[in-house]
2 protein chains.
Amino acid sequence: MSDKNLTLDQYRDLAEFRRQIRRFLHFSESVAKEHDIEPQQHQLLLAVHGLPEGVKPTIREIASRLFIQHHSAVELVNRLESTGAIKRQHGADDKREVWIRLTPAGRTLLRKLALAHRNEMENSGPQLARALQLVVRQRRTAA
Amino acid sequence: MSDKNLTLDQYRDLAEFRRQIRRFLHFSESVAKEHDIEPQQHQLLLAVHGLPEGVKPTIREIASRLFIQHHSAVELVNRLESTGAIKRQHGADDKREVWIRLTPAGRTLLRKLALAHRNEMENSGPQLARALQLVVRQRRTAA
DNA sequence: CCATTTATGTCGTGATACGATATAAATGTG
DNA sequence: CACATTTATATCGTATCACGACATAAATGG
């Protein structure tokens, strides 16, 4: 099914794919810091605000969506709360839960960042798509 | 040219795109740690081995390709050298330069990781492509 | 009613990336 | 050819982040 070796071109395609991801992430980190927010905190804001319909914005849910442990999410929430971008709201139903709510300041901040990202996708989008295509294509035509 | 507002769906598409990137990176980090190497060190190995034809594997070149400062690359190289995955080779031409060379152990390690990534792309590839498409499409049909 | 599970929080640690700073080799300019 | 400048690498202290280990409180299930 899958060959046990890789050609040099396959390494290069993988490297180029990672490079494009890093290019995008580097842009994202720069924009975040220009707006005085740490990159990971920005991503938590986006994850909360971009939650699908009907999903509760709890610590655990967000941690799961960010692929981090719950206590890592707790720390991000602590920092975001201290800067005033979010506030904690204790669960009305289940009192163990903590619901994360963006403050007006948090929403304003996220909107600026999201607009910058939307614009950047005009550059990153095609480059990422191309690099991704090369990796996936090589995968299919291997063997 | 670009609207100053975003719909909730646009936030959700951006969030989903970031989620897919994080899913892939989380997989990548897991595989790296299973092979007893730190994620960033793995990426440096790949960047070196996947260098285009004729590009010198110097610290500065690699730092540029990873979008990090040169001294951050120095630290990664220090750790990789201490684990025996790479070795430093002083530039024959320009004695200031340090050329990074994978050791046989480093190449074996990278090959295992690259194979695992190539397989994973079968899952991540389509999911990433779909999420990316939604973000870029929304960008085009906005306004 | 109490053992267990679930949700969140605290603490200490290690990897990473950075700015500031340092050193050595190469280069340019008079 | 001296010497100021640039280039390539390295060191040091600091902050963010993610983790494992552990703790606490609320919900749940025999």
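Here is how names work: the chains are called A, B, and so on, in the same order as the sequence lines, proteins then strands, and each is numbered from 1.
Considering only side-chain N and O atoms, A:Gln69 lies nowhere under 4.0 angstrom from the phosphate OP1 or OP2 of D:dA21. Using a 4.0 Å cut-off, no side-chain N or O of B:Arg88 falls inside it from OP1 or OP2 of D:dT9. Residue B:Gln40 places at least one side-chain N or O closer than 4.0 Å to OP1 or OP2 of C:dA17. In terms of phosphate contacts, B:Ser72 brings a side-chain nitrogen or oxygen within less than 4.0 Å of OP1 or OP2 of C:dC18.
Minimum atom distance to the side chain of B:Arg60 is reached by D:dT9, of the listed D:dT9, C:dA15, C:dA17.
Atom NZ in B:Lys33 sits about 8 Å away from atom C1' in C:dA15, given to the nearest Å. Atom C1' of nucleotide C:dT5 and atom CG of A:Asp94 are separated by 12 Å, given to the nearest angstrom. The NE2-P distance, from B:His26 to D:dC19, rounds to 6 Å in whole Å. In this structure, B:His71 places its NE2 atom 12 Å from C1' of D:dG13, rounding to the nearest Å. The separation between B:Ile59 atom CD1 and D:dT11 atom C1' is 13 Å, rounded to whole Å. Taking atom CD1 of A:Ile37 as the reference point, atom P of D:dA15 lies 19 Å away to the nearest angstrom. Note: CG (B:Asp36) to C1' (C:dA15) measures 15 Å, nearest angstrom. Spacing between atom CG of A:Leu44 and atom P of D:dC17 amounts to 10 Å, rounded to whole angstrom units.
Aromatic pair B:Phe24/A:Phe67: ring centres not closer than 6.0 Å.
Between A:Thr58 and A:Arg22, the residue whose closest nucleotide on DNA chain C is further toward the 5' end is A:Thr58. Where A:Lys95 and B:Glu97 meet DNA chain D, the nucleotide closest to each residue was compared, and B:Glu97 sits on the side nearer the 5' end.
Checked by atom type, the side-chain pair A:Ser28/B:Arg18 shows a donor-acceptor distance below 3.5 Å. For the 3.5 Å distance criterion, the side chains of A:Arg79 and A:Gln41 fail to qualify, holding no donor opposite an acceptor. In this structure, a donor-acceptor pair under 3.5 Å is present between the side chains of B:Gln20 and B:Arg23.
Judged by distance alone with a 3.5 Å cut-off, a donor-acceptor contact links the side chain of B:His70 to the base of D:dA10. For B:Glu75 against C:dC18, a side-chain-to-base donor-acceptor contact under 3.5 Å is present. Judged by distance alone, with hydrogens and angles left aside, B:Arg96 brings a side-chain donor or acceptor within reach of the base of D:dT7, the pair sitting under 3.5 Å.
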### Query
Should B:Phe27 and B:His117 be marked as a ring pair (Phe, Tyr, Trp, His ring centres under 6.0 Å) after you check the CA-CA gap, both sets of side-chain angles, and the distance that decides it?
CA-CA 9 Å; B:Phe27 157 80; B:His117 281 74; 5.3 Å; yes
